[in-house]
J.: 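Here it is: the structure, laid out below.
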Number of protein chains: 2
Amino acid sequence: MRNELMSIMARQTATKKQEASNPTVILESFLPYRLNVLASLTSNALAQIYAERFGLSIPAWRVVATLGQYENRTARDIAAHGVMHKSTVSRAVASLEQRGLIARRSNKDDRREELLELTAEGREIYEALAPEALAFEERFVSVLTEEEQKLLVSLVDRLSGHARQLAPEGEVEG
Amino acid sequence: MRNELMSIMARQTATKKQEASNPTVILESFLPYRLNVLASLTSNALAQIYAERFGLSIPAWRVVATLGQYENRTARDIAAHGVMHKSTVSRAVASLEQRGLIARRSNKDDRREELLELTAEGREIYEALAPEALAFEERFVSVLTEEEQKLLVSLVDRLSGHARQLAPEGEVEG
DNA sequence: ATCAACTCGTTGCGCATGCAACCAATATGC
DNA sequence: GCATATTGGTTGCATGCGCAACGAGTTGAT
């Protein structure tokens with residue numbers, strides 16, 4: 001069962017021979033690398049949809065997607081959930097507001113934070129975008145069985161939870 | 001079994017109610033999103049190791065890691081394998097060469113491409129880095145059983161292979 | 001009530017990134 | 001053989017990013 005990545009790299013079978021004292025990172029099975037590569041592949045592909053068709057950056061799409069699913073949420077929530085820097089979210093929010101796709105109303109109980117929500121126009125875009133995103137995902141995961149898909153999500157869940165714990169408190173969202 | 005991500009977002013159980021005509025992307029089970037978040041978490045954590053301790057950027061680390069595993073490879077190979085833009089790799093290679101960590105020799109058979117390899121100093125850094133990277137990975141995946149780890153890699157394999165096919169030819173590496 | 005510590009969000013700055021144009025070398029068509 | 005297309009790699013440019021500093025609001029201690 002030949003796989004793609006091997007075929008790219010392994011012109012000869014020229015993998016460095018392993019000496020006991022010199023551990024080698026095998027990129028093909030090194031999860032941080034593999035996960036990043038896979039994430040890039042999916043990001044790039046998905047980004048085409050919402051960039052070309054709707055003029056949204058990745059952070060902007062995430063804000064819209066979050067507010068599409070949760071009626072309202074703060075910038076901080078969105079940043080933490082998506083492991084984005086707060087300045088990234090701030091700028092995405094600013095541009096979406098300027099385009100009239102989202103609105104902010106400051107929370108009476110804590111006037112530092114502002115609750116964000118989609119405008120009617122914003123929701124229109126979301127409702128155009130969501131089916132495309134779901135269709136993309138479906139194509140993307142179609143190589144896996146239903147069971148495998150669920151399994152994958154649960155593995156990713158557990159890894160993400162664990163990774164968040166490993167990350168020192170402040171480091172993730174700046 | 002409460003999970004981390006839910007606890008961040010689900011203050012109330014305020015998920016938008018689903019109407020038949022308005023599909024909603026559930027971010028918690030939307031794989032492109034989840035994979036990117038997980039990749040960010042691991043990248044950020046790993047990056048601390050090779051940035052702070054060895055002054056390497058992510059692309060630079062990838063070049064070093066590739067040449068540590070495969071004796072020599074071209075910039076193009078490295079870019080394609082890691083789904084990086086060729087200009088990103090070009091600059092990483094330039095800086096590594098300037099620091100004396102890698103060397104290039106142009107291929108006699110095709111003088112457009114240059115084979116890259118670690119210098120002695122480069123290999124020293126690799127050999128210091130590799131065990132740390134492996135130790136990090138071990139901690140990272142320690143929430144999974146051995147079987148689950150293998151399973152995950154194989155799922156990622158299949159998804160990556162499939163995603164590479166979906167990506168229009170030129171789009172991935174510019 | 002006051003002051004320090006903390007939090008949400010914004011912004012100036014420097015740097016890295018992707019894009020597109022480019023050069024040199026090779027491959028392809030005629 | 002010659003012109004054209006393609007490929008590996010570099011670079012100028014504009015954009016986006018993370019960082020760190022900041023303002024405004026809140027919390028907690030005294």
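Letters A, B, ... mirror the listed sequences (proteins, then strands); counts begin at 1. Everything numeric here is computed off the predicted structure, so don't read it as measured data.
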J.: Tabulate below the donor-acceptor pairs under 3.5 Å that side-chain atoms of residues 89-98 of chain B make, not counting sequence neighbours, or state none.
T.:
from	atom 1	to	atom 2	distance (Å)
B:Ser95	OG	B:Ala92	O	3.3
B:Glu97	OE1	B:Arg104	NH1	2.7

J.: Given atom CZ of B:Arg76 and atom C1' of D:dT6, what is their separation to the nearest angstrom?
T.: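 To the nearest whole Å, that distance equals 12 Å.
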J.: Should A:Arg53 and A:Glu132 be marked as a salt bridge (Lys or Arg N to Asp or Glu O under 4.0 Å) after you check the CA-CA gap, both sets of side-chain angles, and the distance that decides it?
T.: CA-CA 11 Å; A:Arg53 313 257 289 262; A:Glu132 300 223 32; 2.4 Å; yes
J.: Rounded to the nearest 0.5 Å, what separation is found between the CD atom of B:Glu114 and the CD atom of B:Glu117?
T.: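 Output value for this atom pair is 12.0 Å.
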J.: Quick one, which residues of residues 88-98 of chain A touch DNA chain D with a heavy atom under 4.0 Å?
T.: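 DNA chain D contact set from residues 88-98 of chain A: A:Thr88, A:Arg91.
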J.: Look up atom CD in B:Glu148 and atom NZ in B:Lys150, then write down how far apart they are to the nearest 0.5 Å.
T.: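 The CD atom of B:Glu148 sits 13.0 Å away from the NZ atom of B:Lys150.
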J.: Look up atom NE2 in B:His85 and atom CG in A:Asn44, then write down how far apart they are to the nearest 0.5 Å.
T.: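 With rounding to 0.5 Å, NE2 (B:His85) is 11.0 Å from CG (A:Asn44).
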J.: Roughly how many Å is it from CG in A:Leu56 to P in D:dG16, rounded to a whole number?
T.: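 Going from A:Leu56 (CG) to D:dG16 (P), I get 13 Å.
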J.: Is the A:Tyr33 ring parallel, tilted or perpendicular to the B:His81 ring (thresholds 30°, 60°)?
T.: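 Aromatic pair A:Tyr33/B:His81 classed parallel.
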J.: Distance check, rounded to the nearest 0.5 Å: B:Leu159 atom CG versus B:Leu35 atom CG?
T.: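 If we round to the nearest 0.5 Å, B:Leu159:CG and B:Leu35:CG are 7.5 Å apart.
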J.: Can you pull every protein N or O that's under 3.5 Å from an N or O on nucleotides 25-27 of chain C?
T.:
from	atom 1	to	atom 2	distance (Å)
C:dT26	OP1	B:Arg111	N	2.9

J.: Can you name the residues that form a side chain to side chain donor-acceptor pair (under 3.5 Å) with B:Arg139, not counting sequence neighbours?
T.: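 Listed in chain order: nothing, the list is empty.
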J.: Specify the separation, in whole Å, of atom NZ of B:Lys86 and atom P of C:dG18.
T.: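 Rounded to whole Å, this separation is 13 Å.
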J.: Taking atom C1' of C:dA24 as reference, at what distance in whole Å does atom CZ of B:Arg104 sit?
T.: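 Whole-Å distance recorded here is 14 Å.
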J.: To the nearest Å, give me how far apart NE2 (B:His85) and C1' (D:dG8) are.
T.: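 Between C1' of D:dG8 and NE2 of B:His85: 12 Å.
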J.: To the nearest 10 degrees, what angle separates the axes at the start and end of the helix from C:dA1-D:dT30 to C:dC30-D:dG1, five pairs each?
T.: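 Comparing the first five pairs with the last five, the axes sit 30° apart.
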J.: Find the distance A:Asn36:CG to C:dT17:P and express it as a whole number of Å.
T.: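 These atoms are roughly 13 Å apart.
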J.: Can you tell me the distance, in whole Å, between the CE atom of A:Met84 and the C1' atom of D:dC17?
T.: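 Spelled out: CE on A:Met84 to C1' on D:dC17 is 13 Å.
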J.: If you pin A:Pro59 and B:Glu114 to their nearest nucleotides in DNA chain D, which one's is more 5'?
T.: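 Upstream on the strand: B:Glu114.
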J.: Could you check how far CD1 of B:Ile58 sits from C1' of C:dC15, rounded to whole Å?
T.: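 Taking atom C1' of C:dC15 as the reference, CD1 of B:Ile58 is at 14 Å.
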J.: With sequence neighbours left out, write down each residue that passes side-chain contact (heavy atoms from CB on, under 4.5 Å) with B:Ala103, or none if nothing qualifies.
T.: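 For B:Ala103, the residues satisfying side-chain contact (heavy atoms from CB on, under 4.5 Å) (neighbours in sequence not counted) are B:Thr119.
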J.: What's the separation between atom CD in A:Glu124 and atom CZ in A:Phe54, rounded to the nearest 0.5 Å?
T.: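 Going from the CD atom of A:Glu124 to the CZ atom of A:Phe54 covers 11.0 Å.
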J.: I need the B:Thr66 OG1 to A:Leu27 CG distance, nearest 0.5 Å.
T.: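 With rounding to 0.5 Å, OG1 (B:Thr66) is 5.0 Å from CG (A:Leu27).
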